[in-house]
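Just so you know, ligand 1 is whichever comes first in the structure, and atom 1 is the first atom listed for that ligand. Residues: numbered from 1 along the sequence shown. Below, all heavy atoms of this structure are taken into account, side chains as well, without hydrogens, waters or symmetry copies.
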Amino acid sequence: MTHHRLLPDRTGHFGPFGGTFVPETVMAALADLEHAWARARRDPAFRHRLRSLLEEYAGRPTPLYFARRLSAALGGRARIYLKREDLLHTGAHKINNALGQALLAVRMGKSRLIAETGAGQHGVATATAAALFGLACEVFMGEEDMRRQELNVVRMRLLGARVTPVRSGTKTLKDACNEAIRNWVTTVRTTHYCIGSVVGPHPYPQLVRDFQSVIGQEARRQIRQAAGRLPDLLIACVGGGSNAIGLFHAFARDRRVRMIGVEAGGTGLRPGHHAATLVKGRPGVLHGAKSLLLQDRFGQVLSTKSIAAGLDYPGVGPEHAYYQLRGRAEYVAVGDRQALAACELLARTEGILPALEPAHALAYLARIAPRLKRGSVVILGLSGRGDKDVHTMAQHLTRAQGRDGTAARRV
Ligand SMILES: *Cc1c(COP(=O)(O)O)cnc(C)c1O
């Protein structure tokens, strides 16, 4: 079988998934992007520039932290390490990709970035990179999401970006993606479309993976130092799949390293109540690529639901669909309630408040930790910090709290 590390093939496919399903007008721009990246990734000057930015501006390398009290709280069989992407500038792994793509856009002579955003995290990362390079920036965001994520709308505007409300469809992320592609069709000469996850037409799934792979490359070095060997298990949350692929990719050839991707189970695995695309989806085309997709029996895209806005998307990166097909990684779902409990667990055992997205991965780890082999080494991808979710957590906390104001101890 083709080596996982060498994929996608020249047509942008990961097995049956991936490819390019876009309007004719952007085909040339995608080909330009592919060629520009093929040259840039081999150019020592580009690599050096990106590396300095990641180190001096974004805060890489991020620590690999041994979570002693968490490990003990989960039964003490597994030694759990956290890859701390939450400590990066702007609070999540998304800056790795935004800086990479912005640098590439400058190299291609573009003067403007556009992006789609759901929760606003990718919009903030793109607006940040645009400000840093003096590029114009426009972010498309569903009107409903703008209402729910007002703080990030303000952040983007403060950073100088224009935030354009999208009023079509369900006024959420998938509609914002459609609008961004539509805008790109008419502006490709000056504009780079900065996609925020390992989704979209070729070469984006590869491009974004390459920019996020730094997570796993660092983790591989760090765990060898810390534990003296490779990990037994990697676990990360999957929305579009960029932080998970970023962690997994450097270990793809190490067959003994087990990988688990955790999706949003929302309020239950019934249609419309979750965003567990790999668990419940079927093959289909969305936003320029073939992958698994949550759809009804007529092929209409289903609405999704998750307490974690960053996981609330009906599609998933084609490389994950392929990993699942080949059995290289396992994919599972965890619901809203367990994710909330996991936030509290990490906050109270380690003094780290995670974002709701990686809390899904932690919740699943908490479930399986007592059954892992004694002495197992586990790396959990902590993709972002919880500040953005405090409001959501507060609403649930008040409900769970007793009169004296102390939250339930049990998680
Ligand atoms: C956006 C986001 C995610 C989900 O995106 P992926 O592409 O699946 O990584 C996960 N965690 C955080 C903190 C995010 O902001």
N/O separation below 3.5 Å, E357 to ligand 1
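For ligand 1, there is no N or O atom that lies under 3.5 Å from one belonging to E357.
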Are any of the N/O atoms in G241 less than 3.5 Å from those in ligand 1?
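Yes, at least one N or O pair falls under 3.5 Å.
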Please check if the side chain of E263 supplies one atom and the backbone of T277 the other of a donor-acceptor pair under 3.5 Å.
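Checked: pair present.
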Is there a heavy atom of H93 sitting under 4.0 angstrom from any atom of ligand 1?
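Judged by the 4.0 Å heavy-atom criterion, H93 does count as contacting ligand 1.
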Look at [X] together with [Y] and state whether they make a salt bridge at an N to O cut-off of under 4.0 Å.
X	Y	value
R167	E143	yes
R221	E218	no
R84	D86	yes

Those atoms of ligand 1 less than 4.0 Å from some heavy atom in [X]:
X	answer
G239	8 (O)
C237	10 (C)
Q121	15 (O)
S197	6 (P), 7 (O)

Does R328 count as lying over the ring of Y322, i.e. NZ or CZ under 6.0 Å from the six-ring centre, within 45 degrees of the axis?
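No, R328 and Y322 do not form such a contact.
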Among all the protein's non-hydrogen atoms, which is closest to atom 6 (P) of ligand 1, and how far away is it?
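Its nearest protein heavy-atom neighbour is S242 N, 3.3 Å.
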Protein contact to atom 4 (C) of ligand 1 [nearest heavy atom, distance to 0.1 Å]:
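Of every protein heavy atom, G310 O, 3.3 Å lies nearest to atom 4 (C) of ligand 1.
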From the options S383, G384, G196, select the one whose nearest heavy atom is closest to atom 12 (C) of ligand 1.
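Minimum heavy-atom distance to atom 12 (C) of ligand 1 goes to S383.
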Below 30° counts as parallel, above 60° as perpendicular, anything between as tilted: where do the rings of Y204 and W184 land?
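Y204 vs W184 ring planes: perpendicular.
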Aromatic ring pairing H287/Y313, orientation class (parallel under 30°, perpendicular over 60°, tilted between):
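H287 and Y313: parallel rings.
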K94 contact mode with ligand 1 (heavy-atom cut-off under 4.0 Å):
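Just the side chain.
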Non-hydrogen side-chain atoms of L74 and T349 separated by less than 4.5 Å:
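Not touching, per the 4.5 Å side-chain cut-off.
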